[in-house]
Amino acid sequence: MSHLITEELVTLDKNLGTTSQDVIRQLTDVVLATGRASEFDGLYADAVAREQKTATGVPGGIAIPHCRSSAVLEPTLAMARLAPAVDFGAKDGPADLVFFIAAPEGADKEHLKLLSKLARSLIKKDFTASLRAAESPADIVALVNGALFPDESAPTAAGAPAGAGTAPATAPGTSAGAASGAGASGTATVTEQHGRHAAAAAADPNRPKSLVAVTACPTGIAHTYMAADSLVAAGKEAGIEVQVETQGSAGATPLDPAIIDRADAVIFAVDVDVREKERFAGKPVIQSPVKRAIDEPDVMLREALAAADDPNARRVSGTADVASHQTGQAGESIGAKLKRALLTGVSYMIPFVAGGGLLIALGFLLGGYAITDIADTVVLENNFGNLPDGGLLTYLGAVAFKIGALSMGFLVPALAGYIAYAIADRPGIAPGFTAGAVAGFMGAGFLGGLVGGLLAGWIAHLIGQWSVPRWLRGLMPVVIIPLLASIVASGLMFLVLGGPIAGLTTALNGWLSGLTGVSAAALGIILGLMMCFDLGGPVNKVAYAFAVAGLGAGSADNQAPWMIMATVMAAGMVPPLAMALATVLDRKRFSLAERENGKAAWLLGAAFISEGAIPFAAADPLRVIPASMLGGAVTGALTMATGVTSQAPHGGIFVFFAMGNVVMFVVAVVVGAIVSALAVLALKRYATKKTASAETVAA
């Protein structure tokens, strides 16, 4: 097995910049210089993307930026002791110890176990104190290897060091070491002796509280295992038995069902799906992002104990796993919950809109706009041996249009169903779809779907909190919750809400259809500013969700929703294209890495992937974001004022056949990109980026 860390990968007491991206950039260079990565851009982009998902700073002045990347040739640790320290998002302040973990896409489990073991060692104060006191890179390498291979002669499981990748399952009076060697596949395990005591402890009303937990993060290398150890350590200190299942890259061994059964509550500290979540059905649960278990393990334990004593606490559904978008932070505000539910509905709705919109556009392309009047008749009465008037193109156009129209028919039900899903888990899906279907039937459109989904999800959630006899619990998620929530939510839509919302929808469609000239341009400016404000963030997604949700209301007679979709897509293409253009117009204003990112940004921008501008915005937000917003506003105004339309919700220039006035679409995007590029270059003339100076001279 190759060495994970060498002296060449260690940097001591140096200034690597003032931001986390600066430090990651420098450490990426170190990894590249040692021949452990094939390219800079791929590794840097993957590491920064992971950092943007969840900050990697942890308590104690430590940061563990990490990623899996196809650019990595072998598992690698690059370590830096910073002077000065840099903020990586930890609550207790900046980090002076940084371990950059770079793993290949197909890293073997033995290397992943070692990387995970290192991450777990970093929560031990004596280990980090030794790192801070080390006098040379050789000392650092020795300390790290000592943590990874504490006893070279000890037998290991599957070639991994004893205890690697395991979260020790500890109980009061049980040492971490006694439990840690029980398995090496990524879970907190218990000894046979502990298992024999389980039944006796369960029968003892005075037994200590028992909790189980699952930890998981997107990469499954660092946070997964650090969170597990933090929970176990906090439990040991508080005299609480805590058993943790780590669902990480090194694999996962499920907790013993007997341990789950005797647990008083469960903690899900996860950023991704919990595998086989139904094993915990009926248990009181608290759920949070994985990093919170590292930052506040004691608080999470107290919350879990409080949930165990609360008969009205949220409980794990008896149905299958819940998607990662439901991972809600403890203490999440009403507004944040609402936003998460709405964006969940939109994300699940998009495939229906994408496929349906493109097929409708193809139907118009083949059969003309008159296809809307004859499609039903053609697909039912004609076939390849009996072609309609207009021949083969008309027949194929009718088929494509009808498939697209049927797909678009799911738009409102899917929106409502998955909004309800985000609120009430799977028991909310059926009531949400039903309420969405009612909204569509009554002409309430996507506004009705939003209201119906929220209503169905809230009602299903409330019913799910009912305390019912054990024999009835199995029927709750499959029969009782869907039945009652459907009756109440859909009944309210029929009797109270549907009519007023339908009237509001009609008025909104009329207003949008009447937008011309200055009023249309003003709406385009607003949408353009929103799309470029945070490049894929919440504001960007609100504008995009507004466009996608209304797309189904578009028609040959009401093209305003299609105009809004074209405006949003065109404006979203501007930032990456503008940054790519700027790197060509004035290379010396950008670092070597940014110039390389600019090459990729051409394609990303053309495909409507606004995130292609994120590396530029992260490095220089005060110049890049305002310049992007300026160009986006220009593009938005031009597309709305000239009536450009798009029936496709994504794809950029590659879905040109779904656009109306495609020439003006291209003109608007080009003009906006030029405006943004010139603006960002003008802003950069006032100051030279510190991080770019060295690379600029070298270039």
Side-chain angles (χ1 to χ4, degrees), residues 8-9 11 16-17 19-53 56 65-78 80 88 98 100-107 218-219 221 535-536 573 575-621 623-625 628 652 673 676-677 680 684 689-699:
E8 292 76 19
L9 291 165
T11 304
L16 298 188
T19 68
S20 58
Q21 287 87 354
D22 292 337
V23 176
I24 292 173
R25 181 183 291 108
Q26 297 290 341
L27 293 179
T28 300
D29 275 331
V30 170
V31 174
L32 187 66
T34 57
R36 290 171 173 254
S38 59
E39 57 160 336
F40 174 91
D41 290 342
L43 176 54
Y44 175 69
D46 289 337
V48 170
R50 174 62 187 87
E51 191 73 20
Q52 290 169 343
K53 289 180 181 178
T56 57
H66 57 279
C67 69
R68 289 196 193 192
S69 175
S70 58
V72 179
L73 301 177
E74 59 180 303
T76 299
L77 299 175
F88 273 79
V98 179
F100 180 34
I101 301 177
E105 286 285 2
T219 50
I221 296 175
L535 305 175
M573 294 167 64
L577 291 175
M579 295 306 107
L581 178 60
T583 60
V584 172
L585 295 178
D586 195 349
R587 298 178 74 253
K588 68 178 181 295
R589 300 289 173 185
F590 298 91
S591 67
L592 178 60
E594 287 174 324
R595 294 198 294 272
E596 291 301 314
N597 285 332
K599 296 176 183 178
W602 287 111
L603 180 60
L604 295 175
F608 179 37
I609 301 175
S610 302
E611 288 82 354
I614 285 179
F616 298 91
D620 194 9
R623 296 174 179 81
V624 171
I625 290 178
S628 297
S676 282
V680 77
K684 284 178 176 289
K689 288 174 56 185
K690 296 178 182 179
T691 56
S693 58
E695 292 176 308
T696 301
V697 172

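All residue numbers refer to positions in the sequence shown, counting from 1.
In this structure, the side chains of Asn597 and Phe40 stay at 4.5 Å or more apart for every pair of heavy atoms. When side chains are defined from C-beta on, Ser628 counts as touching Met579, because their heavy atoms get closer than 4.5 Å. With a 4.5 Å cut-off on side-chain heavy atoms, Thr28 and Leu32 do not count as touching. Looking only at side-chain heavy atoms (C-beta outward), Leu9 and Leu77 stay at 4.5 Å or farther from each other. Using a 4.5 Å heavy-atom threshold, the side chains of Leu577 and Trp602 count as touching.
Looking at every heavy atom in both residues, Leu43 comes nearest to Ala102 through CD1-CB, 4.2 Å. What you find for Arg589 and Lys684 is that their closest heavy atoms are NH1-O, 3.7 Å. A pairwise comparison of heavy atoms in Thr583 and Arg587 identifies O-CG, 3.0 Å as the closest pair. When all heavy atoms are compared, the tightest approach of Pro65 to Phe88 is CG-CE2, 4.1 Å. Scanning all heavy atoms of the two residues, the minimum distance from Ala80 to Leu27 falls at CB-CD2, 3.9 Å. For the residue pair Gly605 and Pro576, the shortest heavy atom distance occurs at CA-CG, 3.4 Å.
Side chains of Thr56 and Glu51: a donor-acceptor N/O pair is present below 3.5 angstrom, by distance only.
In this structure, CD on Gln21 lies 5.5 Å from OH on Tyr44, to the nearest 0.5 angstrom. Note that CD of Glu39 and OG of Ser69 are 7.0 Å apart. Values are rounded to the nearest 0.5 Å. In this structure, the separation between CZ on Arg36 and CG on Leu73 is 9.5 Å, given to the nearest 0.5 Å. To the nearest 0.5 Å, atom CG of residue Leu603 and atom CD1 of residue Ile609 are 7.0 Å apart. Taken from CG in Asp46 to CD1 in Ile24, the straight-line distance is 11.0 Å, to the nearest 0.5 Å.
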For this session: Starting from the C-alpha separation in whole Å, work towards a yes-or-no answer on side chain to side chain contact (heavy atoms under 4.5 Å, CB included) for Lys588 and Asp586.
Result: CA-CA 6 Å; Lys588 68 178 181 295; Asp586 195 349; 3.1 Å; yes
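For the pair Ser676 (side chain) and Ala578 (backbone), a donor-acceptor distance under 3.5 Å is absent.
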